[in-house]
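Take a look at the structure below.
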Amino acid sequence: MKDFLYRFFQGRYGAYGTDRLTRSCLAVAVILLILSFVTPLGFLYYIAVILLFYSYFRLFSKNIPARYRENEAYVKITDKFLDFFRNFKYSWTQNKAFHIYKCPNCSQKIRVPRGKGRIEIRCPKCGNTFLKKS
Ligand SMILES: [Zn+2]
């Protein structure tokens with residue numbers, strides 16, 4: 001049986017394991033399947049079946065460069081998406097701990113810890129000093 005599977009996957013995209021695109025398709029298909037059963041949104045079932053077919057099509061495909069390119073494009077998009085959320089989270093935590101001021105002289109952005117009362121800020125770029133409440 002193991003031998004059969006090995007021969008079957010020879011030269012096919014699935015021989016290299018599942019990539020992110022295939023895993024995402026399978027995960028979304030499972031979620032849609034569950035939703036189609038527990039909600040009145042029965043049509044989700046068909047979308048799930050299409051996604052499952054697409055996943056299998058990718059696994060059994062012999063056009064490896066094309067499947068590889070598809071996954072690369074998908075990884076690029078999802079990475080951008082994930083980066084956006086990471087950045088959002090980062091600036092959120094930064095916002096809570098710091099205040100960002102702009103130097104009135106050269107408009108350099110300066111990060112100042114919050115909650116220190118009235119402080120004199122010295123611009124690291126032009127040396128200008130100004131007073132602000134942090
Ligand atoms: Zn400045």
Side-chain angles (χ1 to χ4, degrees):
M1 187 61 191
K2 218 177 163 189
D3 236 39
F4 167 78
L5 279 177
Y6 178 76
R7 251 178 289 136
F8 187 71
F9 272 107
Q10 275 253 298
R12 293 177 196 264
Y13 192 64
Y16 304 95
T18 53
D19 57 17
R20 196 196 282 186
L21 180 53
T22 306
R23 282 198 302 270
S24 300
C25 281
L26 288 170
V28 172
V30 169
I31 293 165
L32 291 180
L33 267 181
I34 294 167
L35 284 177
S36 75
F37 288 129
V38 299
T39 69
L41 304 167
F43 68 93
L44 291 176
Y45 176 80
Y46 299 101
I47 300 170
V49 168
I50 291 166
L51 279 172
L52 281 173
F53 267 109
Y54 181 60
S55 305
Y56 281 104
F57 157 75
R58 298 193 80 254
L59 284 173
F60 299 140
S61 172
K62 285 186 171 174
N63 191 349
I64 292 165
R67 301 292 84 77
Y68 183 79
R69 278 198 302 276
E70 284 168 10
N71 183 58
E72 284 292 284
Y74 177 71
V75 166
K76 226 174 166 178
I77 294 167
T78 47
D79 274 352
K80 255 192 205 149
F81 201 66
L82 290 172
D83 273 354
F84 174 78
F85 278 103
R86 264 185 226 123
N87 284 339
F88 185 77
K89 208 179 140 203
Y90 178 75
S91 56
W92 178 255
T93 50
Q94 289 283 303
N95 256 331
K96 273 202 294 196
F98 298 98
H99 227 125
I100 308 289
Y101 289 113
K102 246 188 194 172
C103 169
N105 190 39
C106 68
S107 44
Q108 161 79 29
K109 280 185 182 166
I110 304 161
R111 210 182 61 168
V112 177
R114 278 183 186 274
K116 301 265 185 227
R118 246 179 118 71
I119 51 165
E120 193 188 62
I121 299 163
R122 192 183 152 84
C123 171
K125 201 175 165 192
C126 69
N128 177 42
T129 53
F130 55 102
L131 283 171
K132 280 281 183 212
K133 230 182 99 194
S134 80

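Order of listing sets the numbers, starting from 1, for every ligand and every atom in it. Scope of the values below: all heavy atoms of this structure, side chains included, with no hydrogens, waters or symmetry mates. Count residues from 1 along the sequence.
More than 12 non-hydrogen atoms from other residues, nucleotides or ligands lie less than 6.0 angstrom from CZ of Arg20.
Here 4 is the count of protein N, O or S atoms positioned under 2.8 Å from the Zn ion (ligand 1), waters not counted.
A salt bridge links Asp83 with Arg86: at least one charged nitrogen is closer than 4.0 Å to a carboxylate oxygen.
A side-chain donor-acceptor contact under 3.5 Å links Thr93 to the backbone of Lys89.
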Side-chain donor/acceptor pairs under 3.5 Å, residues 34-46, sequence neighbours excluded:
from  : atom 1 : to    : atom 2 : distance (Å)
Ser36 : OG     : Leu33 : O      : 2.7
Thr39 : OG1    : Leu35 : O      : 2.4
Thr39 : OG1    : Leu41 : N      : 3.2

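Every pair passing salt bridge (Lys or Arg N to Asp or Glu O under 4.0 Å) that includes a residue from residues 39-66 is listed here, sequence neighbours excluded: Asp19-Arg58, Arg58-Glu70. Pairs passing the salt bridge (Lys or Arg N to Asp or Glu O under 4.0 Å) check and including a residue from residues 123-134, sequence neighbours excluded, do not occur.
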